[in-house]
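Every chain is numbered from 1, with letters handed out A, B, ... down the list of sequences. The basis for the numbers below is simple: all heavy atoms, side chains too, and nothing from hydrogens, waters or symmetry mates.
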Number of protein chains: 2
Amino acid sequence: MPSPPLGFLLSTLASALRENTEKQLADLGLTPREYGLLWRLADGPLSQRQLGELHRIDRTTVVGLLDRLEVARLVDRTVDATDRRRHAVSITDAGRTLLESATAVVDEASSSFTAALTTAERSTLLRLLVKLLEGSQP
Amino acid sequence: MPSPPLGFLLSTLASALRENTEKQLADLGLTPREYGLLWRLADGPLSQRQLGELHRIDRTTVVGLLDRLEVARLVDRTVDATDRRRHAVSITDAGRTLLESATAVVDEASSSFTAALTTAERSTLLRLLVKLLEGSQP
DNA sequence: GCTGATAATCAGTTATGCTGACGAAATGCC
DNA sequence: GGCATTTCGTCAGCATAACTGATTATCAGC
């Protein structure tokens with residue numbers, strides 16, 4: 001039997017892992033996608049457009065996601081001084097604190113998800129996926 | 001910078017590859033998900049429930065997908081002789097013919113998607129993803 | 001200054017998946 | 001054999017999510 005198509009593997013595995021992660025994150029009041037945004041913002045502020053492109057989220061959807069995160073005081077929207085059209089989205093201290101707890105449960109979920117792999121295989125997989133991502137969004 | 005969360009990598013890459021594949025498959029009148037079902041059925045008939053579980057598609061969604069494929073004469077639904085509640089879903093000759101053409105464009109899409117990887121890396125990646133899938137749905 | 005392009009937002013539409021119910025058929029229990 | 005329970009596929013309705021197009025504010029080029 002030939003290997004399943006790459007697209008099938010990626011989307012099925014993504015769906016399975018998301019199901020696990022979703023339940024754990026729900027206790028913290030976060031969705032996986034919101035967690036992803038917080039994780040991204042930990043490296044520094046980004047515009048909404050940049051956030052959307054990096055995470056493949058439509059610009060209009062980003063608005064709603066950030067609305068919710070902002071009301072929860074997890075992120076801030078400030079007008080970018082160098083380009084007043086842009087919003088510089090940054091993570092708050094409360095956001096960082098929640099991100100820490102969330103990262104613990106996300107790591108736990110993905111560890112158990114990759115239990116069938118050895119440690120070496122797991123890091124190889126991550127390395128290849130990162131390489132793939134860098135190749136697809138240069 | 002630490003590696004992105006596994007879930008983010010999987011879902012982002014799945015989304016990016018799907019976007020590429022979608023356009024190519026549209027010329028053949030197939031969605032990526034429909035292609036996945038045809039690919040699966042090439043190995044032999046399955047019940048709708050089995051199809052849904054293997055592809056992580058809700059049972060009620062499977063109904064609609066198969067409706068469309070059946071109208072297009074790509075699959076057949078026959079009552080399973082050993083369990084008359086079940087439908088044995090099988091691929092038709094026309095379905096196999098289309099599957100061949102579709103596989104060509106899907107392979108092409110995933111090859112170009114993995115252009116940043118060496119041949120060895122590409123097969124390692126596939127091997128690890130398959131191992132992960134087998135571990136998550138035993 | 002004007003023109004065209006870009007960032008964020010909003011309203012409205014569209015697609016999508018899921019919930020709960022149903023009939024038909026199988027299984028288990030007595 | 002007869003009855004309750006479970007499973008399979010189906011359907012209608014609901015909820016959610018994403019996208020389309022338009023709008024406002026701002027910027028860059030000429």
For Asp83(A), the salt bridge (Lys or Arg N to Asp or Glu O under 4.0 Å) test, sequence neighbours excluded, returns Arg85(A), Arg86(A)
Rounded to the nearest 0.5 angstrom, the CZ-CG distance for Arg68(A) and Leu30(A) is 6.5 Å
Only one of Leu28(B), Leu25(B), Leu65(B) passes side-chain contact (heavy atoms from CB on, under 4.5 Å) with Glu34(B), and that residue is Leu65(B)
Residues of residues 58-74 of chain A with a heavy atom under 4.0 Å from any atom of DNA chain D, listed by number, are Asp58(A), Arg59(A), Thr60(A), Thr61(A)
Using side-chain hydrogen bond (donor to acceptor under 3.5 Å, both in side chains), reason through Thr60(A) and Asp58(A) one step at a time and then give a plain yes or no. CA-CA 5 Å; Thr60(A) 65; Asp58(A) 187 85; 2.7 Å; yes
Heavy-atom closest pair (Leu99(B) atom, Ala42(B) atom, distance to 0.1 Å) is CD2-CB, 3.7 Å
The first and last nucleotides of DNA chain D lying within contact of chain B, meaning any atom under 4.0 Å from one of its heavy atoms, run from dT6(D) to dC11(D)
Given 3.5 Å as the limit, does a donor-acceptor pair link the side chain of Thr12(A) with the main chain of Leu9(A), or not?
no
Between Ser15(A) and Ser11(A) (side chain of the first, backbone of the second, donor and acceptor by atom type, cut-off under 3.5 Å), is there such a pair? no
Ser110(A) side chain to Arg122(A) side chain, donor-acceptor N/O pair below 3.5 angstrom = yes
Here the residues of residues 15-37 of chain A within 4.0 Å heavy-atom distance, strictly under, of DNA chain D are Arg33(A)
In short, Pro5(A) meets Val106(B) closest at the heavy-atom pair CB-CG1, 4.4 Å
Closest non-hydrogen contact found for Ala109(B) with Leu17(B) is O-CD1, 4.2 Å
Each nucleotide N or O in nucleotides 24-26 of chain C that has a protein N or O under 3.5 Å away: list the pair and distance.
from: dA26(C); atom 1: OP1; to: Arg84(B); atom 2: N; distance (Å): 2.9

Closest non-hydrogen contact found for Ala102(B) with Tyr35(B) is CB-CD1, 3.6 Å
Scanning both residues in full, the closest heavy-atom pair of Leu10(A) with Leu10(B) reads CD2-CD2, 4.0 Å
In numerical order, the residues of residues 48-56 of chain A whose heavy atoms come under 4.0 Å of DNA chain C are Gln48(A), Arg49(A)
Looking at Ser47(B) and His87(B), would you say the former's side chain and the latter's main chain have a donor-acceptor pair under 3.5 Å? no
For the pair Lys23(A) and Glu19(A), find out whether any cationic side-chain nitrogen is under 4.0 Å from an anionic carboxylate oxygen. no
Between Arg96(A) and Glu100(A), does any side-chain N to carboxylate O distance fall below 4.0 Å? no
